Amino acid sequence: MKQKRALITGLTGQDGSYLAELLLDKGYKVYGMVRRSSLERFDRIKHLLDRIHLVQGDLTDQSSLDEAVKRTQPDEVYNLAAQSFVPTSWNQPVLTGEVTGLGVTRMLEAVRRYKRDAKFYQASSSEMFGKVHQSPQNEQTSFYPRSPYGVAKVHGHMITVNYRESYRLFACSGILFNHESPRRGLEFVTRKITYGVAKIKLGLAKELRLGNLSARRDWGFAGDYVEAMWLMLQQDRPDDYVIATGESHSVQDVVNKAFTAAELDPKAYVVVDQALFRPAEVENLIGDASKARRVLGWHPRTSFGELIDTMVKADLHYLGNLSSPLPSTIVGEEGDMPSDSSHP
Ligand code: NAP
Ligand code: GDD
């Protein structure tokens, strides 16, 4: 049987790395799009570099996307690339619209022009539900995004539906709720907490500054969620699916779980910082993934408790084995963040 080819945008991100592992295990020839930067950002995929094929491209540059699709002739395209950090989208709203919104149109155009029969996956987001109209949220719930990022994702979602209907492309959107892992970026709240806990435990920090502790999310494990992406493209017809655990927890719950895992008392270390609150907050997300369960046979395998425990252990292991001192910190939109981006 002919070896299947997959093209992944956002290969160097959290999900790109897990998806590449999954597709390689399934025998795919995997092409991954990477953009040029002055420093290589291959921390999450260095263990895969001898098995994947890198193509250069950027979601803001149509010709590079056309060339990538023309040259690789993929059977499946997974569009995971995005400016994905919500606070940055207030700071760089136009860039976020270009990459996270219009970038999807560019990718769909490349597929339509150069590999029309390729199956296309779009990384849609529960952030589209924003100020929620119903709970739990499912595929019928209307959108009310609360950030430039959420607005850009609505564009990406609807243009995917539109290309499916206009050109009969096999185009699917996965509306994924928050999913985390030891490879999560350090600026996202779960990893900020588990990394912060590990630093405190090892005597490398004295406090952890956080914003809104009462926000609630439906958090799952990224390794489970990339399997749902693949399943969507194995169906007979294209469709959209909510992927979620169906459980919601507050940021305070993550704090409690992570500090307990390290046998520390959060009250002694957590500082609430008003500067870390968002201009418009998404207060409460919880997903109903019953369609994915029914049609795809997908269900999450990792519990909230296992996820946070694993992340704390991984960060303790990583920081405990650092041979050189921690790099200096830079000031980001959500407080001081380590410039170090290593991922266990
Ligand atoms: P991530 O870790 O932030 O990775 C984002 C990826 O996009 C990186 O590989 C990044 O490359 C790439 N990228 C950024 N700008 C680009 C551009 N202009 N051209 C080409 N590539 C670019 O995100 P993730 O957590 O893996 O999420 C994957 C996708 O799912 C994103 O679209 C995200 O919005 C969406 N999503 C995520 C979640 C979640 O909870 N994780 C939930 C719902 C939806 P560099 O390494 O070069 O920066
Ligand atoms: N990042 C961060 N840092 N968030 C904090 C902090 C903090 O210090 N303190 C409280 N929070 C709260 C935020 O206000 C938000 O309500 C919640 O923690 C989760 O924030 P993030 O982890 O940054 O994720 P997100 O929900 O905004 O977005 C993630 O999930 C989306 C899916 O719903 C990203 O991965 C998006 O790309 C994704 O689409």
Side-chain angles (χ1 to χ4, degrees), residues 8-19 32-37 39-45 56-61 64-65 68 78-89 95-96 98-100 103-104 106-107 121-130 137 145-147 149-150 152-153 156 173-181 183-193 196 208-220 222 225-226 229 243-244 250-252 254-255 270 272-273 275-278 280-285 287 332-335 337 341 343:
I8 303 174
T9 74
L11 174 79
T12 54
Q14 171 188 258
D15 291 5
S17 68
Y18 283 107
L19 181 64
M33 189 185 288
V34 294
R35 55 183 175 150
R36 195 265 161 188
S37 74
L39 272 179
E40 273 183 358
R41 288 181 281 216
F42 293 164
D43 293 42
R44 295 179 174 107
I45 53 161
Q56 210 176 49
D58 192 299
L59 283 200
T60 57
D61 184 277
S64 66
L65 306 181
Y78 295 88
N79 186 39
L80 309 186
Q83 188 305 93
S84 73
F85 189 46
V86 172
T88 296
S89 77
L95 176 94
T96 302
E98 280 289 348
V99 178
T100 307
V104 187
R106 293 192 190 97
M107 221 33 233
Y121 173 84
Q122 167 56 17
S124 285
S125 165
S126 51
E127 273 289 303
M128 299 188 303
F129 297 125
Q137 297 85 49
R146 296 275 279 168
S147 63
Y149 168 82
K153 279 289 177 189
S173 271
I175 307 175
L176 271 52
F177 283 62
N178 300 48
H179 45 280
E180 319 293 311
S181 74
R183 297 182 199 167
R184 186 58 144 152
L186 290 165
E187 65 274 42
F188 298 93
V189 79
T190 54
R191 184 83 197 283
K192 183 174 173 184
I193 292 169
L208 175 61
R209 301 185 87 80
L210 292 168
N212 182 7
L213 299 182
S214 65
R216 300 183 73 85
R217 291 290 184 275
D218 179 329
W219 278 291
Y225 284 39
V226 296
M229 300 175 186
I243 301 298
S250 65
V251 174
Q252 181 71 61
V254 180
V255 164
V270 172
V272 173
D273 184 342
L276 301 178
F277 282 63
R278 298 178 178 184
E281 177 64 288
V282 172
E283 292 292 350
N284 194 358
L285 292 176
E333 291 78 17
E334 296 217 325
M337 297 182 294
S341 66
H343 302 282

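As the structure is a computational prediction, the values presented were derived from the model and not from experiment. Start at 1 and go down the list; that is how both ligands and their atoms are numbered.
Residue Gly13 has at least one heavy-atom neighbour below 4.0 Å for each of these atoms of ligand 1: 2 (O), 4 (O), 8 (C), 9 (O), 26 (O). Atoms of ligand 2 found under 4.0 Å from any heavy atom of Val86, numbered from 1 in the order shown, are 27 (O), 28 (O). Atoms of ligand 2 found under 4.0 Å from any heavy atom of Glu281, numbered from 1 in the order shown, are 13 (C), 14 (O), 15 (C), 16 (O). Within ligand 1, counting atoms from 1 as listed, the ones closer than 4.0 Å to a heavy atom of Ser124 are 43 (C), 44 (C). Interface atoms of ligand 2 facing Arg184, defined by a heavy-atom separation under 4.0 Å, are 29 (C), 34 (C), 35 (O). Of all the atoms in ligand 1, the ones that sit under 4.0 Å from a non-hydrogen atom of Ala123 are 29 (C), 30 (O), 32 (O), 35 (C). Each of the following atoms of ligand 2 lies closer than 4.0 Å to a heavy atom of Ser125: 31 (C), 32 (C), 33 (O), 38 (C), 39 (O). Against a heavy-atom cut-off of under 4.0 Å, Ser126 is close to the following atoms of ligand 2: 32 (C), 33 (O). Atoms of ligand 2 found under 4.0 Å from any heavy atom of Tyr149 (numbered from 1 in listed order, with element): 36 (C), 37 (O), 38 (C), 39 (O). Interface of Asn178 with ligand 1, defined as ligand atoms under 4.0 Å from a residue heavy atom, comprises 40 (O). For ligand 2 and Gly211, the ligand atoms under 4.0 Å from any heavy atom of the residue are 6 (C), 8 (O), 9 (N), 10 (C). Under a 4.0 Å criterion applied to the non-hydrogen atoms of Glu127, ligand 2 contributes the atoms 26 (O), 31 (C), 33 (O).
Looking at atom 21 (N) of ligand 1, its nearest protein heavy atom turns out to be Ala81 CB, 3.4 Å. Among all non-hydrogen protein atoms, the one lying nearest atom 31 (C) of ligand 1 is Leu80 O, 3.0 Å. Of all protein heavy atoms, the one closest to atom 19 (N) of ligand 1 is Leu59 N, 2.9 Å. Nearest protein heavy-atom contact of atom 26 (O) of ligand 1 is Asp15 N, 2.8 Å. Nearest non-hydrogen protein atom to atom 11 (O) of ligand 1 is Thr12 OG1, 3.3 Å. Among all protein heavy atoms, the one lying closest to atom 43 (C) of ligand 1 is Leu176 O, 3.1 Å. Protein heavy atom nearest atom 3 (O) of ligand 1, with residue, atom name and distance: Ser84 OG, 2.6 Å. Protein heavy atom in closest approach to atom 6 (C) of ligand 1: Gly10 CA, 3.7 Å.
The proximity of Arg184 to ligand 1, defined as any non-hydrogen pair under 4.0 Å, is limited to the side chain. Residue contacts with ligand 1, taken as heavy atom pairs separated by less than 4.0 Å, involve Arg35 solely via side-chain atoms from C-beta onward. The proximity of Arg217 to ligand 2, defined as any non-hydrogen pair under 4.0 Å, is limited to the side chain. Only side-chain heavy atoms of Val251 come within less than 4.0 Å of ligand 2; its backbone N, CA, C and O stay farther off. Only the side chain of Tyr149 comes within 4.0 Å of ligand 1, counting heavy atoms alone; its backbone N, CA, C and O stay farther away. With a 4.0 Å heavy-atom cut-off, ligand 2 is reached by the backbone of Ser84 and by its side chain too. Here Glu187 has backbone heavy atoms under 4.0 Å from ligand 2, and that is the only part of it that gets that close. When non-hydrogen atoms are compared, ligand 1 lies under 4.0 Å from neither the backbone nor the side chain of Glu127.
Using a cutoff of 4.0 Å between basic side-chain nitrogens and carboxylate oxygens, Glu283 and Arg278 are not scored as salt-bridged. In this structure, Arg217 pairs ionically with Glu281, as a charged nitrogen and a carboxylate oxygen lie closer than 4.0 Å.
By the 4.5 Å heavy-atom criterion applied to side chains, Met229 and Ile8 are not counted as neighbours. Phe277 has its side chain within reach of Val272: a pair of non-hydrogen atoms, C-beta onward, lies under 4.5 Å apart. A heavy-atom distance below 4.5 Å is not found between the side chains of Val270 and Ile193. By the 4.5 Å heavy-atom criterion applied to side chains, Arg44 and Arg183 are counted as neighbours.
A donor-acceptor contact closer than 3.5 angstrom is absent between the side chains of Ser89 and Thr96.
Heavy atoms of Thr9 come nearer than 4.0 angstrom to ligand 1 in no pair at all. Taking 4.0 Å as the cut-off, Phe277 does not count as a neighbour of ligand 2 on heavy-atom distance. In this structure, Lys153 counts as a contact residue of ligand 1, since one of its heavy atoms falls inside 4.0 Å of the ligand.
Separating the CD1 atom in Ile45 from the CG atom in Leu11 is a distance of 4.0 Å, to the nearest 0.5 Å.
Residue contacts with ligand 1: Gln83 is placed with no nitrogen or oxygen under 3.5 Å of a nitrogen or oxygen of the ligand (distance criterion only). In terms of N/O distances under 3.5 Å, ligand 1 is not approached by Gly57. Taking distance alone, with nitrogen or oxygen atoms compared against 3.5 Å, Asn79 stays at or beyond that limit from ligand 1. Residue Phe177 has no N or O atom closer than 3.5 Å to an N or O atom of ligand 2. At under 3.5 Å, a nitrogen or oxygen of Asn178, whether backbone or side chain, sits near a nitrogen or oxygen of ligand 2. In terms of polar-atom proximity, Gly16 is not counted as a contact of ligand 1, lacking any N or O under 3.5 Å from an N or O of the ligand. Looking at ligand 1, you won't find any N or O of Val99 less than 3.5 Å from one of its N or O atoms. Checked by distance only, ligand 1 and Ala82 come closer than 3.5 Å through their nitrogen or oxygen atoms. Between Asp58 and ligand 1, an N or O atom pair is found at a separation short of 3.5 Å.
Considering each of Lys192, Arg278, Arg146, Arg191, the one bringing a non-hydrogen atom nearest atom 21 (P) of ligand 2 is Arg278. Of the candidates Met229, Met107, His179, Arg183, it is His179 that places a heavy atom closest to atom 40 (O) of ligand 1.
Minimum interatomic distance between Ser64 and Asp58 (heavy atoms only, all atoms of both residues): OG-N, 3.2 Å.
Here the side chain of Arg184 pairs no donor or acceptor atom with the backbone of Val189 at under 3.5 angstrom. A donor-acceptor pair under 3.5 Å is formed between the side chain of Thr100 and the backbone N or O of Gln83. Under the 3.5 Å distance criterion, the side-chain polar atoms of Ser37 are matched with a main-chain donor or acceptor of Leu39. Using modelled atom types, no side-chain atom of Arg146 and backbone atom of Gly130 make a donor-acceptor pair closer than 3.5 Å. Not one N or O on the side chain of Asp218 forms a donor-acceptor pair closer than 3.5 Å with the backbone of Ala244. With hydrogens and angles disregarded, no donor-acceptor distance shorter than 3.5 Å links the side chain of Gln14 to the backbone of Gly16.
When Phe188, Trp219, Tyr225 are each tested for a ring pair (Phe, Tyr, Trp, His ring centres under 6.0 Å) with His179, only one passes: Tyr225.
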